[in-house]
Asks: 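Take a look at this one; I'll ask things after.
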Amino acid sequence: MILRFITSLFFCGCLFSAAHGQIAKEINPGEPWPDNNGNHIQAHGGGIIKLGKTYYWYGEGRAKGLDTNYRYVGCYSSKDLMNWQFRGYVLKQGDPENLGPRWVMERPKVFYNKKTKKFVMYFHLDDKPYKLARVGIAVADKPDGPFNYVKSFRPLGMESRDIGQFIDDDGTPYLIFESRPSKGFYIAALSEDYMDVEKQVSFIQAPLEGGAIVHYQGLYYAIGSALTGWRPNANKFATATTLAGPWSEFTDIAPPETNTYSSQSTMLLKVEGKRSTTVIFMADQWKPSTQWDSRYLWMPVEIGEGKLWVPRPRPWSIDVKKGTWRFKL
Ligand code: DGJ
């Protein structure tokens, strides 16, 4: 009897761990990152929003075997930033503007509008030679979609390629977009319904993409990468006391010879806990010929008093309630 009880407990345990995968106790920068199904997370060039106690991570879904006529946005949810549940491909989009078979949808970012109760996704929409240079918008009623395509346009009438998102402490949303002809990136306020890019708040004259911003202890920190396609380069940061600037000169966020540890910025995520605040540098390690296997380099940064530095990557863990992190022992 006791033996049967122990045996059934053992089988239940096996089923539980098979269904839910292993519980991750750390983040391993640059390693495959399995979701709850054991599949490498597909949220490249992504962004994160927090709703209540849940984080939602959206990014390019580039899994092997997906229908190449479509572009996909993967969505994952987590309460601890280490274990991620796959919520599905929340946008499965066919060529929306007759751009040709190698059309491009990159770097999706989702904003939640409390007034309209809509989730508004922005993404970089382009043709193969990257000449269209627009943003596309898709909308959903729930964080895990389905998102429906609405329109595309050039924000503020400018060419726009890489986009980033920044939500200020007061909840105001901004789109960051790189504009090549003017050699820099724009920080722009969204319209009240988030369906348009309304106002230029700042133009940072620096030829950078992969733009991201965080507000930390009274200073805005902006980071970006140089324009080297899929190849990594030395990402840099600048600071300002207001979003409108003036912005300082850009300086390295890591030893330049490491090319940001072979990664490219996509977001700076601020985790405010009861005890401390951690800022995470979220970046992609692209593998252009095997994109489904591109990796994520997430590291807590050393930040404050105008300095920002990404420590040499190694496994670490975070406690989102406390806002603290530590290296794996
Ligand atoms: C760099 C960008 O940051 C990526 O999102 C992608 O557009 C590649 N360039 C394409 O070369």
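Order of appearance sets the numbers: ligands from 1, and atoms from 1 within every ligand.
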Asks: Any donor-acceptor pair under 3.5 Å linking the side-chain atoms of Thr324 with those of Arg275?
Replies: no
Asks: Looking only at the side chains, is there a donor atom on one of Asp67 and Asn69 sitting less than 3.5 Å from an acceptor on the other?
Replies: yes
Asks: Assess the pair Tyr72 and His44: is the distance between their ring centroids shorter than 6.0 Å?
Replies: no
Asks: Which residue pairs pass the ring-ring contact (aromatic ring centres under 6.0 Å, His included) test when at least one of the two sits in residues 93-116, sequence neighbours left out?
Replies: Phe111-Tyr122, Tyr112-Phe119
Asks: Could you tell me if the ring centre of Trp325 sits under 6.0 Å from that of Trp298?
Replies: no
Asks: Answer yes if the ring centres of Phe185 and Trp247 are under 6.0 angstrom apart, and no otherwise.
Replies: no
Asks: Name the residues with a heavy atom less than 4.0 Å from ligand 1?
Replies: Glu106, Arg107, Tyr130, Asp162, Glu209, Gly229, Trp230, Gln264
